[in-house]
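Before any comments, here is the structure.
Given the structure is predicted, the values throughout are model-derived calculations rather than measurements. Index from 1, following the sequence.
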Amino acid sequence: MRNIDVCLSSEGTEVILATSSDEKHPPENIIDGNPETFWTTTGMFPQEFIICFHKHVRIERLLIQSYFVRTLRIEKSTSKEPVDFEQWIERDLVHTEGQLQNEEIIARDGHATYLRFIIVSAFDHFASVHSVSAEGIAVSNLS
């Protein structure tokens, strides 16, 4: 079975929660596959969003494109509901003046039905997430 980007909205994935929203830059932009769109925070940290796959997936590699994110924590859950998250990955990102941060993460034990991304801190008052890609496979449907 070949890996696909299980994080795309075209694969049935949804952003089910975001702690801030701007009508011009909604959280759905993170998973729309369009590099020109993004979600922006509205100040104060931490900020978070939760991605629901609507199935059990195994993630092997993550790629996060963002701007001004300093510390990013990723938690995962294999529950049918967005509960029982466990810390999975935490990274301090490098500030890249004038260009997107491209953070690639090779995933270990990447089984999930939900991912919670927490922007713990930022390099500015606002941060943006342009895309989250999750290379992996669907393991099974939620039953």
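- Thr113 places a side-chain N or O within 3.5 Å of a backbone atom of Ser79 that can act as its donor or acceptor partner.
- Between atom OH of residue Tyr114 and atom CD1 of residue Ile50 there is a gap of 9.0 Å, rounded to the nearest 0.5 Å.
- Thr96 pairs by the side chain to side chain contact (heavy atoms under 4.5 Å, CB included) definition with Gln99, Gln101, not counting sequence neighbours.
- Not counting sequence neighbours, the partners of Pro46 by the side chain to side chain contact (heavy atoms under 4.5 Å, CB included) test are Ile118.
- For Thr19, the side chain to side chain donor-acceptor pair (under 3.5 Å) partners two or more places apart in sequence, or in a different chain, are Gln47.
- Rounding to the nearest 0.5 Å places CG of Asp32 at 8.5 Å from CG of Leu8.
- In this structure, Glu104 places its CD atom where more than 12 heavy-atom neighbours from other residues, nucleotides or ligands lie under 6.0 Å away.
- Contact check for Phe45 versus Thr71: no side-chain heavy atoms found under the 4.5 Å cut-off.
- Phe68 meets the ring pair (Phe, Tyr, Trp, His ring centres under 6.0 Å) test with His95; sequence neighbours excluded.
- Listed by chain and number, the residues in a side chain to side chain contact (heavy atoms under 4.5 Å, CB included) with His111 are Arg58, Thr78, Asp109, Val139 (sequence neighbours excluded).
- Checked by atom type and distance alone, the side chain of Trp39 never pairs as donor or acceptor with a backbone atom of Asp22 at under 3.5 Å.
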Got a list of side-chain donor-acceptor pairs under 3.5 Å for residues 128-135, not counting sequence neighbours?
unit_1 : atom_1 : unit_2 : atom_2 : d
Ser128 : OG     : His130 : NE2    : 3.0
Ser131 : OG     : Gln65  : OE1    : 3.0
Ser133 : OG     : Asp5   : OD2    : 3.3
Glu135 : OE1    : Arg61  : NE     : 3.3
Glu135 : OE1    : Arg61  : NH2    : 3.3

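- Remark: Glu48 CD to Leu115 CG distance equals 12.5 Å, nearest 0.5 Å.
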